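Everything below concerns the one structure shown next.
Letters A, B, ... mirror the listed sequences (proteins, then strands); counts begin at 1. These figures come from a predicted structure and were not determined experimentally.
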Number of protein chains: 2
Amino acid sequence: MGSIDDIDRRILAELQRDAGKSLESLGEVVGLSRNACWRRIKAMEDSGLIRSRVTLLDPVQLNLGLTVFMQIRTNAHAPDWLNAFSKATMGMPEILGVYRMTGDLDYLIRARVADMADYDRLYQALIRKVPLSDVSASFVMEEIKETTELPVLRRI
Amino acid sequence: MGSIDDIDRRILAELQRDAGKSLESLGEVVGLSRNACWRRIKAMEDSGLIRSRVTLLDPVQLNLGLTVFMQIRTNAHAPDWLNAFSKATMGMPEILGVYRMTGDLDYLIRARVADMADYDRLYQALIRKVPLSDVSASFVMEEIKETTELPVLRRI
DNA sequence: GGTGAAAACTAGTCGGC
DNA sequence: GCCGACTAGTTTTCACC
């Protein structure tokens, strides 16, 4: 189960770009019958390699044009704190990513908001739920790249 | 085109979680006929609000278990440099996000690699393509949250 | 893995309200 | 803007090579 062959990788490469592709066109691209493709996809769904098929939306039209990264330093290392922090960030839909970083004292949050005022609302809402000693925010001026595609083709 | 009504938002909320949902079940959830749902989705695709439907994969099974954030300081503000930087990062599939941050001297890169050695390869490959004066890397120890779902339901 | 061919479901288009 | 019906296409599951 550890190894994924080249045909599977090419199927995944296609599906990552467009989940709505028909089995027929997929088969043509990878050089397999529709049926063989379907069996491989099913197997990869069952193994969990294929996690889900989702729809991506335009953040600007949703009035979420500002991406912000929040860097959080804490001196509270108790599991209670992490638990509360996890729960709080999970429940805030503007927060898209929460990462515990190396060093064990830094957390990074990736969030999308409308503007600075909206960020302040998010910040206030967060510190009302979890005690945070040190929070600094960096705002994204330009999104040069943003993708959900993972590198699946075998690298040299 | 500026406003999105509540039914559209509920459709988007469902599609963000599962793009493979049938029009029938979607209609049941939002209280509309399959046909009305279809027309709304089509309109949102045409307006660009719905960008694409993609497949999400398991990074761990693809041997991409390590997420790294690279913070880059540069003193080269020439448009040539940014152009080369953009082109280089665009062509590197391990790099999932590239952001120009506030201050105009910081760039942030979000990437997925197998391990530390793989990160070093990425780093070496990047600096071979673009001159980078100051690069620091932070590694993700724990992914507490990671989602592609944007907040579509109207906030209070 | 390939083929062919059913059954079930879905998308996309129509006229009508 | 919504609904029901219809058609055409697709997925999904067979049995068999």
Side-chain angles (χ1 to χ4, degrees), chain A residues 1-58 60-63 148-155, chain B residues 1-58 61-63 147-155:
Chain A
M1 63 165 180
S3 68
I4 308 156
D5 72 13
D6 286 340
I7 296 178
D8 278 345
R9 286 175 187 275
R10 280 164 70 191
I11 291 174
L12 293 175
E14 291 296 319
L15 288 180
Q16 276 195 117
R17 267 195 291 163
D18 181 9
K21 213 155 203 173
S22 74
L23 290 171
E24 188 128 20
S25 56
L26 250 180
E28 286 177 19
V29 174
V30 303
L32 245 63
S33 74
R34 321 120 237 276
N35 218 323
C37 269
W38 181 83
R39 270 191 292 241
R40 279 168 178 267
I41 292 170
K42 180 93 170 121
M44 291 190 283
E45 281 172 350
D46 291 344
S47 77
L49 213 194
I50 292 180
R51 271 205 173 144
S52 57
R53 292 189 298 161
V54 303
T55 303
L56 301 183
L57 309 180
D58 179 12
V60 175
Q61 291 197 46
L62 288 166
N63 195 25
T148 58
E149 287 181 48
L150 301 177
V152 290
L153 270 15
R154 213 179 280 285
R155 286 160 289 163
Chain B
M1 61 170 176
S3 68
I4 308 158
D5 71 13
D6 285 342
I7 296 178
D8 278 346
R9 286 174 187 275
R10 279 164 70 192
I11 292 174
L12 291 176
E14 291 295 320
L15 287 180
Q16 276 195 116
R17 266 195 291 165
D18 181 8
K21 214 155 204 173
S22 73
L23 289 171
E24 188 130 19
S25 56
L26 250 180
E28 283 177 21
V29 173
V30 303
L32 247 61
S33 74
R34 323 128 231 266
N35 214 320
C37 270
W38 180 82
R39 259 180 293 120
R40 281 169 178 267
I41 292 170
K42 178 91 169 130
M44 291 190 284
E45 281 172 350
D46 291 344
S47 76
L49 213 193
I50 292 179
R51 273 205 173 143
S52 56
R53 292 190 299 160
V54 302
T55 303
L56 301 183
L57 309 180
D58 179 11
Q61 292 197 46
L62 287 166
N63 195 26
T147 182
T148 58
E149 287 182 49
L150 301 176
V152 290
L153 270 15
R154 214 180 279 284
R155 287 159 288 164

Open item on the list: Can you list everything that forms a salt bridge (Lys or Arg N to Asp or Glu O under 4.0 Å) with A:D58? Sequence neighbours excluded, please.
Closed with: B:R51

Task: Bracket notation of DNA chain C in which parentheses pair within the strand, [ ] cross earlier pairs, and | pairs with another strand (Watson-Crick or G-U, under 3.5 Å) - done: |.||||.||||||||||

- [ ] Rounded to the nearest angstrom, tell me the gap between atom CG in A:D5 and atom C1' in C:dG1.
- [x] 12 Å

Task: Separation of atom CG in B:L23 from atom P in C:dT10, rounded to whole Å - done: 9 Å

Task: Under 3.5 Å donor-acceptor, B:R9 side chain and B:I4 backbone - done: yes

Task: Pairing residues for A:D46 by the side chain to side chain contact (heavy atoms under 4.5 Å, CB included) criterion, not counting sequence neighbours - done: A:K42

Task: Which residues share a side chain to side chain contact (heavy atoms under 4.5 Å, CB included) with A:A43, sequence neighbours left out - done: none

Task: Between C1' of D:dT10 and CZ of A:R53, the distance in whole Å - done: 12 Å

- [ ] State which residues pass side chain to side chain donor-acceptor pair (under 3.5 Å) with A:E14; sequence neighbours excluded, sorted by chain then number.
- [x] A:R17, A:K21

Open item on the list: Just to verify, what does A:R40 make a side chain to side chain donor-acceptor pair (under 3.5 Å) with, not counting sequence neighbours?
Closed with: A:D5, A:D8

Task: Proximity to DNA chain D (any heavy atom under 4.0 Å), residues of residues 27-46 of chain B only - done: B:L32, B:S33, B:N35, B:A36, B:R39, B:R40

Open item on the list: Given 3.5 Å as the limit, does a donor-acceptor pair link the side chain of A:Q16 with the main chain of B:L57, or not?
Closed with: no

Output a table of donor-acceptor pairs, distance under 3.5 Å, between side-chain atoms of residues 29-36 of chain A and any protein atom two or more places apart or on a different chain; print 'none' if there are none.
residue, atom, partner, partner atom, Å
A:S33, OG, A:A36, N, 3.1
A:R34, NH1, A:E24, OE2, 2.6

Task: A:L12 and B:T55, any side-chain heavy atoms less than 4.5 Å apart - done: no

Task: Interatomic distance, A:E24 CD vs D:dT12 C1' [rounded to whole Å] - done: 14 Å

- [ ] State, yes or no, whether a side-chain contact exists between B:L26 and B:I41 at a heavy-atom distance under 4.5 Å.
- [x] yes

Task: Distance, P atom - from C:dG12 to D:dT12, rounded to whole angstrom - done: 15 Å

Open item on the list: Contact list please: residues 6-21 of chain A against DNA chain C, heavy atoms, distance less than 4.0 Å, in numerical order.
Closed with: none

Task: Set of side chain to side chain donor-acceptor pair (under 3.5 Å) partners for A:S22, sequence neighbours left out - done: A:S25

